[in-house]
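First up is the structure itself, then whatever we jot down about it.
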Amino acid sequence: MSAYLQCINKNCQEKFPINNKIYHCPKCDGLLDVNYDFPKLEAQELKNRFRERRSSFIPIDQSGVWRFRELIPFLNDERNIVTLFEGNTPVYDAPKSASYAGLKKLLLKHQGLNPTGSFKDNGMATGIAQAKSLGAKAVACASTGNTSASMAAYAARAGMLAAVFIPSGQIAYGKLSQSLDYGAKTLQIDGDFDLAMQLVLELSQESELYLLNSINPFRLEGQKTIAIELLEQCAWQVPDRIVVPGGNLGNSSAIGKALAECYQLGLIDRMPKMHIIQAEGANPLAQMWSKGERDKLLMVEKASTLATAIKIGNPVSWQKALRALDWCKGGGCHQVSEQEIADAKAIIGSDGIGSEPASAVTLAGIRNLVSSGIIDKEERVVAILTGNLLKDPDYTVNYHLDSLYQKSQTKIEIISQQDKILANFANRPVQVAAEKNTIKQVLGL
Ligand SMILES: *Cc1c(COP(=O)(O)O)cnc(C)c1O
């Protein structure tokens, strides 16, 4: 078997055939990887193939995930591929963001420009392909919004039932609208993400539902291509640092695995450092990192942040994320405040690049790392923007109207001024009479 499931626990490492519908190691309950006995592949030949496919008209070549299929070789039958032409996302030079962070130059890889507006599409492409290979008729996920939007779209394309479990009243409207429009059965659970996750995991073990959360290692195989494509866009010159937001910690895990495999296969000659950034109210890994705790998750009971995509207190992939930090030595996990996130988001916007609050933790984190001297201003740094601005327009509008509060206003509660997020970089709309001379004055014409 050239592709197999393997337990990540160092003292287990048991292997299982990939057609097993399991999400944990049946022996020790550890997380699973999809691993491969890679055939001998010539690095330059691979790079040429990846590049040539960019001018092909064949759907699997046009997909920014399946274009790299030699590095995710778990499918026996390519007819199980469903693609929305995910990936192929741009890397932007962002001068205002760079200067805000104190760097000479900063690159932003924008995964929010995927078909459903987040990096989840990279992973869903491979997750749905595996679901089809297994003959699944129904797929499920718990979601803070983007996973459900993505799964709903891919399930619709594949003709499968999608069951989405979302924490009631806690997801951004743009994301909810997608899951409804793509026809998913959308279950609003009275509880937070961590509870929804627990429920859907148990249901998938008891029924035919195939689970497509990032605990499913086939999803992480697709998310590897974010890093692979980034390396290609850097002409395979490894950046000094890659900075990613951390929620359930699947993405940082996948990026770490991709880098390790590219290194092992000789596609790159060194490993970059990786930094994972969390919101201070949803900071389990950042806490562990700063306290030197590596063996036991320091769960956050009631995760809280307006960056709902990373509002997770009990992240599934924390062990894989620590392993990734270990592979990408010299990085770490850090936290940023709600104020820092909001300001960083507005700065990214001023570069003409729209992102979700969760994506903006990267710039906020980089700024802190530069000012504390951990990152040098000359270093080549890439931040991964994970989601699109339009996912959560309420947040953005409230910031610019100077009415953004740390606590969400979905329930009637007294909001204190301490919870106010300052609109330090607000671009307020201007109320103006419908009169040309006044307008000219306002515009300075
Ligand atoms: C899912 C998501 C994250 C968090 O990614 P994890 O893999 O759960 O750490 C961050 N930002 C956005 C926009 C997301 O959709």
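Just so it is clear, the structure is predicted and the values come from calculations on it, not from any experiment. Side chains included, hydrogens not; waters and symmetry mates left out as well; all remaining heavy atoms used. First listed ligand is number 1; within each ligand, the first listed atom is number 1.
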Going by distance only, is there an N or O of Ser118 that falls short of 3.5 Å from an N or O of ligand 1? no
So, Tyr23 versus Phe218, ring centres under 6.0 angstrom or not? no
Quick one: which ligand 1 atoms are inside 4.0 Å of a heavy atom on Ala358? 11 (N)
Give me the nearest non-hydrogen protein atom to atom 8 (O) of ligand 1 as residue plus atom name, then the distance to 0.1 Å. Asn248 N, 2.8 Å
Considering only protein heavy atoms, which is closest to atom 7 (O) of ligand 1, and at what distance to one decimal place? Asn251 N, 2.8 Å
Give the C-alpha distance, both sets of side-chain angles, the deciding distance and a yes or no for side chain to side chain contact (heavy atoms under 4.5 Å, CB included) between Ser355 and Leu389. CA-CA 4 Å; Ser355 73; Leu389 170 94; 5.8 Å; no
Less than 3.5 Å between some nitrogen or oxygen of Lys120 and one of ligand 1, yes or no? yes
Examine Gly250 against ligand 1 and note whether any of their N/O atoms are separated by less than 3.5 Å. yes
Protein heavy-atom partner closest to atom 5 (O) of ligand 1 - residue, atom, separation in Å: Phe119 CZ, 3.3 Å
Within 45 degrees of the axis of the six-membered ring of Tyr100 and under 6.0 Å from its centre: does Arg367 put its NZ or CZ there? yes
So, regarding Leu249 and ligand 1 (criterion: nitrogen or oxygen to nitrogen or oxygen, under 3.5 Å), is there a contact or not? yes
With atoms numbered from 1 as shown, which atoms in ligand 1 lie under 4.0 angstrom from a non-hydrogen atom of Gly246? 9 (O)
Evaluate side chain to side chain contact (heavy atoms under 4.5 Å, CB included) for Arg219 paired with Met124, printing each intermediate quantity in order. CA-CA 6 Å; Arg219 258 200 49 204; Met124 214 46 81; 3.9 Å; yes
Per-atom contacts of ligand 1 with Glu356, taking only distances under 4.0 Å to non-hydrogen atoms: 13 (C)
Against ligand 1, does Ser214 come closer than 4.0 Å with any heavy atom? no
Find all atoms of ligand 1 within a distance of less than 4.0 Å from any non-hydrogen atom belonging to Gly387, and give their numbers and elements. 13 (C)
Below 4.0 Å, non-hydrogen atoms only: which portion of Ile310 touches ligand 1? Side chain, backbone, both or neither. side chain
Might you confirm whether atom CZ of Arg54 has over 12 heavy atoms from other residues, nucleotides or ligands at distances under 6.0 Å? yes
Looking only at heavy atoms, which two atoms of Glu70 and Phe38 are closest? And how far apart? O-CE2, 3.6 Å
Take atom CD in Gln233; do more than 12 heavy atoms of anything else shown fall under 6.0 Å from it? yes
Filtering Asp392, Thr386, Thr147 for the heavy atom nearest atom 12 (C) of ligand 1 leaves Thr386
Is the centre of the Tyr4 ring less than 6.0 Å from the centre of the Phe16 ring? no
Hey, does the Lys NZ or Arg CZ of Arg323 hover above the aromatic six-ring of Trp318, less than 6.0 Å from the centre and inside 45° of the axis? no
